[in-house]
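Here is the structure we will look at.
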2 protein chains.
Amino acid sequence: MTETGPSRIQSEKRAAILGAALEVFAAEGFRGATLDRIAGEAGLSKPNLLYYFPSKEEVHEALLSGLLDLWLAPLRRIDPDGEPMAELLGYVRRKLALSRSHPRESRLFANEILQGAPRIGPTLSGALRDLVEEKAQAIAAWAETGAIAPVDPRHLIISVWALTQHYADFDVQVRAVLGRDDPLDGAEAHLEMLFERLLAPRA
Amino acid sequence: MTETGPSRIQSEKRAAILGAALEVFAAEGFRGATLDRIAGEAGLSKPNLLYYFPSKEEVHEALLSGLLDLWLAPLRRIDPDGEPMAELLGYVRRKLALSRSHPRESRLFANEILQGAPRIGPTLSGALRDLVEEKAQAIAAWAETGAIAPVDPRHLIISVWALTQHYADFDVQVRAVLGRDDPLDGAEAHLEMLFERLLAPRA
DNA sequence: TCCCGATTTGACCAAAAGGTCAAAGCGACG
DNA sequence: CGTCGCTTTGACCTTTTGGTCAAATCGGGA
């Protein structure tokens with residue numbers, strides 16, 4: 001009964017495929033991506049790719065599952081018992097860091113949402129909604145005590161998503177406007193200031 | 001030499017095609033969209049569509065050209081000689097209104113940028129960049145006089161884009177979280193407040 | 001070294017998709 | 001009401017693409 005995990009070559013090839021697929025799906029969307037291109041970028045042939053994943057759909061699925069977890073981790077780490085301002089600014093910082101470190105994941109997610117979330121729709125109105133509701137409660141409580149200025153907690157969260165993800169998803173446009181090497185540098189200071197001003201308790 | 005414009009039927013069919021194409025390109029991206037679907041949605045056959053436009057590329061091109069103009073109109077209307085706070089809040093309001101009235105255009109644009117702006121790339125680093133630079137100057141001047149709080153003008157503009165477009169592009173996600181009929185209603189108040197707090201002159 | 005299962009590949013298939021074309025249909029104007 | 005040009009269509013072509021399969025190759029343990 002010795003459970004044999006996937007062989008070394010299995011994990012390596014599967015990882016290579018997922019890496020290439022992330023690149024291609026993020027850049028072209030699901031329908032625009034081709035197995036040939038993914039296989040080529042992963043350094044193997046199409047039939048070989050199909051040996052590791054039964055279909056294009058399943059490759060995509062493998063990427064998407066788990067993505068939401070990664071994506072929501074920063075929000076999840078908000079601690080209702082922490083110092084409100086620090087918690088929220090920390091959230092913004094973590095989310096922006098994620099955009100910088102995982103731009104392809106961001107674009108993969110953006111593609112899925114843009115297309116109407118055909119594959120993760122249910123999760124959105126399930127787990128996602130629940131998590132947002134939970135954290136919104138905490139934020140609302142903070143606002144009530146006056147620890148932060150009054151805000152609509154849900155729209156606040158949406159604002160964090162919009163502002164941080166934009167730098168990854170609209171990278172080319174941001175670069176065209178800023179013409180800088182790493183636009184994320186300036187973004188960090190800007191966003192920190194933005195949320196400080198937005199949330200600073202009123203006198 | 002009586003110039004005969006396009007016949008009534010010509011304009012009608014071309015408009016129908018562009019409408020359908022906007023819908024499909026926005027939802028599926030360029031490569032994901034098919035001529036059959038566009039033709040079907042426009043109420044004609046594929047060869048008939050090809051009678052009005054020489055190729056899929058040209059349909060897409062027709063949509064994209066002019067889109068940037070529409071998209072940048074709100075920014076263009078910022079008046080350097082106007083009242084700073086009113087100008088900027090007016091800009092936000094106009095941009096959000098555009099997201100509400102033209103969600104498909106927003107998604108078409110998002111798709112193009114996500115895919116690396118293969119078709120409007122040059123315009124981005126040309127006309128777009130120039131316009132942003134021009135308006136950034138005005139905003140910087142306002143900040144200098146203390147009429148608004150100090151901000152990085154370019155990142156401010158990017159923030160407006162991110163926040164307003166997000167409501168159109170990520171519509172399904174926003175709806176999943178808010179569960180409301182029209183999320184844009186709450187958004188307007190929220191964004192107005194956000195930018196007021198961000199830009200209100202310091203004491 | 002030999003063997004057997006894991007891995008890889010070239011050839012192939014069917015469906016989808018962009019595009020062409022000649023012929024048929026239609027409509028406005030003389 | 002007949003004609004001529006604008007419009008529409010079905011049939012067809014080629015390329016691309018997701019996927020299959022049998023055969024070949026590889027690689028590590030006995």
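What you see is a predicted model; the values in this text were computed from it and never measured. Atom set for the values below is all heavy atoms of this structure, side chains included, hydrogens, waters and symmetry mates excluded. Here is the naming used below: chain letters follow the sequence lines, and residue numbers restart at 1 for every chain.
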Whole angstroms only, please: what is the [atom1]-[atom2] distance between [X] and [N]?
X	N	atom1	atom2	value
E12(A)	dT8(C)	CD	C1'	16 Å
E58(A)	dT20(D)	CD	P	11 Å
L44(B)	dT7(D)	CG	P	12 Å
Y51(A)	dG5(C)	OH	P	13 Å
L49(A)	dT17(D)	CG	P	15 Å
E28(B)	dA16(C)	CD	P	15 Å

List for me each residue that meets side chain to side chain donor-acceptor pair (under 3.5 Å) alongside [X], sequence neighbours excluded, and say none if there are none.
X	result
R129(A)	none
K95(B)	Q165(B)
E105(A)	none

Between [N] and [X], is there an OP1 or OP2 to side-chain N/O distance shorter than 4.0 Å?
X	N	answer
N48(B)	dT9(D)	yes
S45(B)	dT8(D)	no
K13(A)	dA6(C)	no

One thing to verify: whether R100(B) and D185(B) come together as a salt bridge, which I'm taking to mean a side-chain N less than 4.0 angstrom from a carboxylate O.
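Yes, this pair counts.
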
Salt-bridge contact D181(A)-R175(A) (side-chain N to carboxylate O under 4.0 Å)
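Looking at D181(A) and R175(A), the cut-off is not met.
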
Are any side-chain N or O atoms of Q173(B) and backbone N or O atoms of L124(A), one a donor and one an acceptor, separated by less than 3.5 Å?
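Pair absent, no side-chain N/O of Q173(B) close to backbone of L124(A).
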
Could you check whether any side-chain N or O of K13(A) sits under 3.5 Å from a backbone N or O of Y52(A), counting only pairs where one atom can act as donor and the other as acceptor?
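No, the answer is negative, given that no donor and acceptor are paired below the 3.5 Å cut-off.
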
Kindly state whether the ring of F195(B) and the ring of H190(B) have centres lying under 6.0 angstrom apart.
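Judged by ring-centre distance (under 6.0 Å), F195(B) and H190(B) do not meet the cut-off.
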
Through what angle, rounded to 10 degrees, does the axis of the helix from dT1(C)-dA30(D) to dG30(C)-dC1(D) turn between its ends, using five pairs per end?
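Rounded value for the end-axis angle: 0°.
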
Just checking F53(A): base, sugar-phosphate only, or nothing, at a heavy-atom cut-off of under 4.0 Å?
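Nothing, no heavy atom under 4.0 Å.
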
side-chain hydrogen bond (donor to acceptor under 3.5 Å, both in side chains) partners of residues 79-89 of chain A, not counting sequence neighbours, each pair once
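As it turns out, there is no side-chain hydrogen bond (donor to acceptor under 3.5 Å, both in side chains) pair with a partner in residues 79-89 of chain A once direct neighbours are skipped.
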
Reading nucleotides 17-28 of chain C from 5' to 3' and marking B where a protein heavy atom lies under 4.0 Å of the base, S where only the sugar-phosphate is that close, and - otherwise, the string is SBBBB-------

